[in-house]
Amino acid sequence: MKKFRVVLAMLMALCLVLTAVSAFAVKPLEGDANVDQRNYPSTVPFIHPPFYNVKLTVEVDDHGIITSVKDNGTGAAGSVQEGNEELWANKNKPFFEAALSGGLLDRFVGKTLEDVKAMDMTAGGADAVSGATMVSAAAQEAVINALEGKKGKAFLPNDGNVLPLESIEGNAITLKNELPADFDLRVLDIRWSVYNDEIVPADSYTAELKDGKLVITFLDIAALKAGYYYVNVVDDSGTYRSPAFEGGPAAAQAPYFIIDSGLTANDISFDGKAVVLKSGSMADYLKNIRHVQILADDAEKPVEQEIVGHHGTVGSFIALDENGVLNADGVVKARNGEESPLFEDGKQYTVTVASFGYPELTFRFSKGESAALPEGSPEAAELLNNIKGTYEPLFPVITRPEYDQLWLDPCVAVVGEEAAPQVAEMLKAACNGTIYGQEAIDAFGDGSGGAQFDCLFINGVSVITFNGSTISGADESGNQVFSHEYAYIGKLSLGGMMEGYLYETADEDAGEFKYFYMMPDTPATTYHLEFRYGSNTDDLARYNEGPYAYWLAAGFPVDADADTVKNVIELFCMENLNHYASVKD
């Protein structure tokens with residue numbers, strides 16, 4: 001009996017020891033943070049992000065030094081937005097696993113909270129895993145949240161628009177509020193067009209909550225352009241993500257409203273080749289395209305073309321060009337690489353064009369009938385009409401020192417602050433050459449090792465004026481160098497890289513100004529012009545051979561304002577930095 005009591009006493013003592021040890025054991029801290037919307041709302045257009053949270057467990061010692069960081073169910077229920085499980089598995093998971101295999105979580109071990117906050121996880125940053133910048137930044141925030149006892153931003157539970165339109169009355173737009181009660185709503189800005197790339201001036205409206213509804217009051221609503229307006233809102237409490245744009249314009253959580261153009265169904269038509277508006281801007285119409293549906297007479301479903309897809313991404317829209325011309329020879333490329341024509345010869349189609357704020361247009365089309373139309377191109381005539389004005393060479397203007405910051409800003413956003421100056425200088429130099437033709441061929445060969453384009457005006461021309469079918473040029477003293485009437489004769493491809501419109505003058509003394517080869521750029525769409533001129537069309541079609549090798553004139557309106565300068569620099573940078581953005585996750 002005594003022996004039993006001794007054993008019992010020992011067991012009780014052991015339990016007390018174990019309890020004491022358990023009481024002082026380190027309990028793992030849990031933290032999470034969203035991978036998507038890290039640069040929100042600076043991304044333009046709003047691309048489809050990876051909708052998931054990085055979830056981690058963090059252990060620290062008595063001195064607050066991190067001893068372990070481990071994954072805590074990233075990709076499992078609660079980490080991935082409902083409905084995006086397949087996207088996570090197929091697209092996001094490989095990026096996340098690559099970050100882990102790259103030693104991302106080990107980089108936090110041995111650091112304190114303040115050390116983690118000081119880590120540089122930006123693109124090209126010393127602590128980020130290459131190719132997984134967003135994952136790196138989310139992991140950093142998840143560790144901080146774990147140590148500070150905070151939660152990452154939650155997904156909005158709403159299915160559909162969180163601030164649906166209730167009314168447009170006078171200058172006031174009222175949106176019903178279907179956000180969670182603890183969503184601390186603030187309007188960051190309002191953006192126009194399906195690209196969400198043009199911000200409405202903040203001093204032109206006020207936004208406030210009235211009786212639980214969001215009321216936006218404009219100084220003059222009549223000053224708004226027709227089309228789609230996205231209302232960009234955030235939760236100031238940091239509890240929730242901003243509304244998702246998954247689903248595309250008018251189908252996502254993101255709030256929006258539409259301003260009507262005032263046009264009727266009789267004001268919009270198809271002339272056999274192009275969409276024609278009775279009044280208003282074709283550029284505005286095209287920037288608000290919701291979809292183009294092409295239904296063959298023997299098909300059950302139409303082929304749908306969207307500028308902005310249901311993931312919020314800018315797709316391969318080829319149905320209409322920038323002048324509203326239907327692409328009769330367009331080819332659709334599927335993800336698996338298969339190609340199919342938009343229109344087949346001899347078939348009859350019903351085409352429906354829908355643009356936010358404009359009447360829907362439906363017309364019949366046959367590719368064979370289109371080919372039988374009289375010679376002459378509506379889009380070529382419209383191009384000359386849209387570029388009326390006087391132009392000087394573009395790059396000597398926009399590479400002036402006072403515009404250096406305008407070059408740096410987009411570069412910083414893509415390659416980071418350290419690399420931005422070098423990249424900006426590279427971009428500026430790429431089209432600031434002063435040699436072309438044989439001299440450039442001798443310097444650059446076929447261009448495989450790099451080349452510099454000359455984008456100046458040649459043959460003694462300093463400014464060029466487009467006035468309908470009349471094109472003229474003057475030298476630096478204002479003396480006229482040439483002036484001729486030109487007529488459209490057909491399309492021409494520049495080395496298979498870009499296609500433009502070829503115009504010819506009947507004047508026999510035109511010499512090196514016999515042909516003008518215009519790319520489809522206008523001040524309203526790309527803020528500049530790109531063109532060539534010369535005496536031989538075969539030479540004009542070659543970009544790295546012949547007398548015009550490595551030359552492509554770039555014109556800029558002589559009366560351009562500061563906004564146009566800013567816009568053309570941002571466009572040039574965006575187009576040429578796309579390959580950097582494409583490798584981001």
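The first residue in the sequence is number 1, and the count goes up from there. None of these values were measured; they are calculated from a predicted model. Just so you know, these numbers use all the heavy atoms, side chains as well, and skip hydrogens, waters and symmetry mates.
For Ser340, the side chain to side chain contact (heavy atoms under 4.5 Å, CB included) partners are Val332, not counting sequence neighbours. With sequence neighbours excluded, the residues that form a ring pair (Phe, Tyr, Trp, His ring centres under 6.0 Å) with Phe395 are Phe572. Here Thr57 pairs with Pro28, Glu30, Lys70, Asn72 under the side chain to side chain contact (heavy atoms under 4.5 Å, CB included) rule; sequence neighbours left out. Looking at residues two or more places apart in sequence or on another chain, you find a side chain to side chain donor-acceptor pair (under 3.5 Å) between Lys213 and Glu166. Taking the side chain to side chain contact (heavy atoms under 4.5 Å, CB included) definition, one finds that Ala549 meets it with Ile441, sequence neighbours left out. By the ring pair (Phe, Tyr, Trp, His ring centres under 6.0 Å) test, Phe444 pairs with Tyr550, sequence neighbours left out. Scanning for side chain to side chain donor-acceptor pair (under 3.5 Å) contacts around Thr525 gives Thr522, with sequence neighbours left out. Considering only residues two or more places apart in sequence or on other chains, Ala251 meets the side chain to side chain contact (heavy atoms under 4.5 Å, CB included) condition with none of them. Applying the salt bridge (Lys or Arg N to Asp or Glu O under 4.0 Å) rule to Glu570 yields the partners Lys566; only residues at least two apart in sequence or on another chain are considered. Annotation: side chain to side chain donor-acceptor pair (under 3.5 Å) contacts of Asp409 (sequence neighbours excluded): Gln405. Taking Asp203 as the reference, nothing meets the side chain to side chain donor-acceptor pair (under 3.5 Å) condition, with sequence neighbours excluded.
Of the options Val54, Asn34, Val35, a side-chain contact (heavy atoms from CB on, under 4.5 Å) to Met134 is made by Val35 and by none of the others.
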Discussion item. Apply side-chain hydrogen bond (donor to acceptor under 3.5 Å, both in side chains) to residues Tyr240 and Asp184 and explain how you reach the verdict.
Written reply: CA-CA 9 Å; Tyr240 298 98; Asp184 188 7; over 6 Å; no

Worksheet entry | CA sep, side-chain torsions, deciding dist, call: Gln37, Ser242, side-chain contact (heavy atoms from CB on, under 4.5 Å) | CA-CA 8 Å; Gln37 297 191 354; Ser242 290; 3.7 Å; yes

Item to complete: Check the pair Thr74 / Asp71 against side-chain hydrogen bond (donor to acceptor under 3.5 Å, both in side chains), numbers first and verdict last.
Response: CA-CA 7 Å; Thr74 301; Asp71 179 41; 2.7 Å; yes

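Counting all heavy atoms, side chain and backbone alike, Ala424 lies closest to Leu408 at CB-CD2, 4.2 Å. Looking at every heavy atom in both residues, Tyr52 comes nearest to Val80 through CB-CG2, 4.0 Å. Shortest non-hydrogen contact noted between Ala33 and Asn145 is CB-ND2, 4.2 Å. Counting all heavy atoms, side chain and backbone alike, His528 lies closest to Asp521 at O-CB, 3.3 Å. Contact detail for Leu175 and Pro255: the closest heavy-atom pair is CD1-CB, 4.4 Å. Residues Gly447 and Ala451 share a closest heavy-atom pair of CA-CB, 4.3 Å.
Proximity of a side-chain donor or acceptor of Lys150 to a complementary backbone N or O of Ala146 within less than 3.5 Å is not detected. In this structure a side-chain-to-backbone donor-acceptor pair under 3.5 Å is missing from Glu208 to Ile216. A donor-acceptor pair under 3.5 Å is absent between the side-chain atoms of Thr564 and the main chain of Ala560, judged by distance alone. A donor-acceptor contact shorter than 3.5 Å links the side chain of Asn288 to the backbone of Asp284. The main-chain N or O of Tyr285 is found under 3.5 Å from a side-chain atom of Ser355 such that the two form a donor-acceptor pair.
Expressed to the nearest 0.5 Å, how far OG of Ser79 lies from CG of Asn53 amounts to 5.5 Å. Here the SG atom belonging to Cys411 is positioned 9.0 Å from the NZ atom belonging to Lys428, to the nearest 0.5 angstrom. How far CD of Glu82 is from CZ of Phe155: 10.5 Å, rounded to the nearest 0.5 Å. Here CD1 of Ile190 is found 7.0 Å from OG of Ser204. Values are rounded to the nearest 0.5 Å. Put simply, CG on Leu56 and CG on Leu105 are 5.5 Å apart, with the number rounded to the nearest 0.5 Å. Atom CZ of Phe556 is separated from atom SG of Cys455 by 14.0 Å, given to the nearest 0.5 angstrom.
Inspection of the Arg186 and Asn232 side chains reveals no N or O donor paired with an N or O acceptor under 3.5 Å. A donor-acceptor pair shorter than 3.5 Å cannot be found between the side chains of Asp446 and Asn544.
Crowding of Glu86 atom CD: a count of heavy atoms from other residues, nucleotides or ligands under 6.0 Å not exceeding 12. Other residues, nucleotides and ligands contribute only 12 or fewer heavy atoms inside 6.0 Å of the CD atom of Glu418. Counting heavy-atom neighbours within 6.0 Å of Gln422 CD, excluding the residue itself, gives a total of 12 or less. Residue Glu417 places its CD atom among 12 or fewer non-hydrogen atoms of other residues, nucleotides or ligands, all under 6.0 Å distant.
Ring geometry for Phe257 against Tyr229 counts as parallel: the plane angle stays under 30°, on a 0 to 90° scale with 60° as the upper cut.
Electrostatic pairing of Lys153 and Asp235 does not count as a salt bridge here, judged by no charged N lying under 4.0 Å from a carboxylate O. A salt bridge links Asp36 with Arg241; the closest basic N to acidic carboxylate O contact falls under 4.0 Å. Salt bridge annotation for Glu198-Lys225: present, with a cationic side-chain nitrogen under 4.0 angstrom from a carboxylate oxygen.
Using a 4.5 Å cut-off on side-chain heavy atoms (C-beta onward), Ile199 and Trp192 make no contact. Side-chain contact between Gln305 and His291 is absent, with no heavy atoms from C-beta onward closer than 4.5 Å. Residues Val568 and Ile398 meet the side-chain proximity criterion, which asks for heavy atoms closer than 4.5 Å. With contacts defined as side-chain heavy-atom distances shorter than 4.5 Å, the pair Met497/Tyr543 qualifies. The side-chain heavy atoms of Leu179 and Leu156, taken from C-beta on, include a pair separated by under 4.5 Å. Between Phe356 and Ile259 the shortest side-chain heavy-atom distance does not fall below 4.5 Å. Here the side chains of Leu104 and Ser136 are in contact, with some heavy-atom distance below 4.5 Å. Leu163 places none of its side-chain heavy atoms less than 4.5 Å from the side chain of Glu178.
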Just list the side-chain donor-acceptor pairs under 3.5 Å for residues 114-129, sequence neighbours left out, or say none.
residue : atom : partner : partner atom : Å
Asp115  : OD2  : Thr112  : N            : 3.0
Asp115  : OD2  : Thr112  : OG1          : 3.1
Lys117  : NZ   : Glu148  : OE2          : 2.6
Asp120  : OD1  : Thr122  : N            : 3.1
Asp120  : OD1  : Thr122  : OG1          : 2.6
Asp127  : OD2  : Asp120  : N            : 2.7

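The aromatic ring centroids of Tyr230 and Tyr256 lie 6.0 Å or more from each other.
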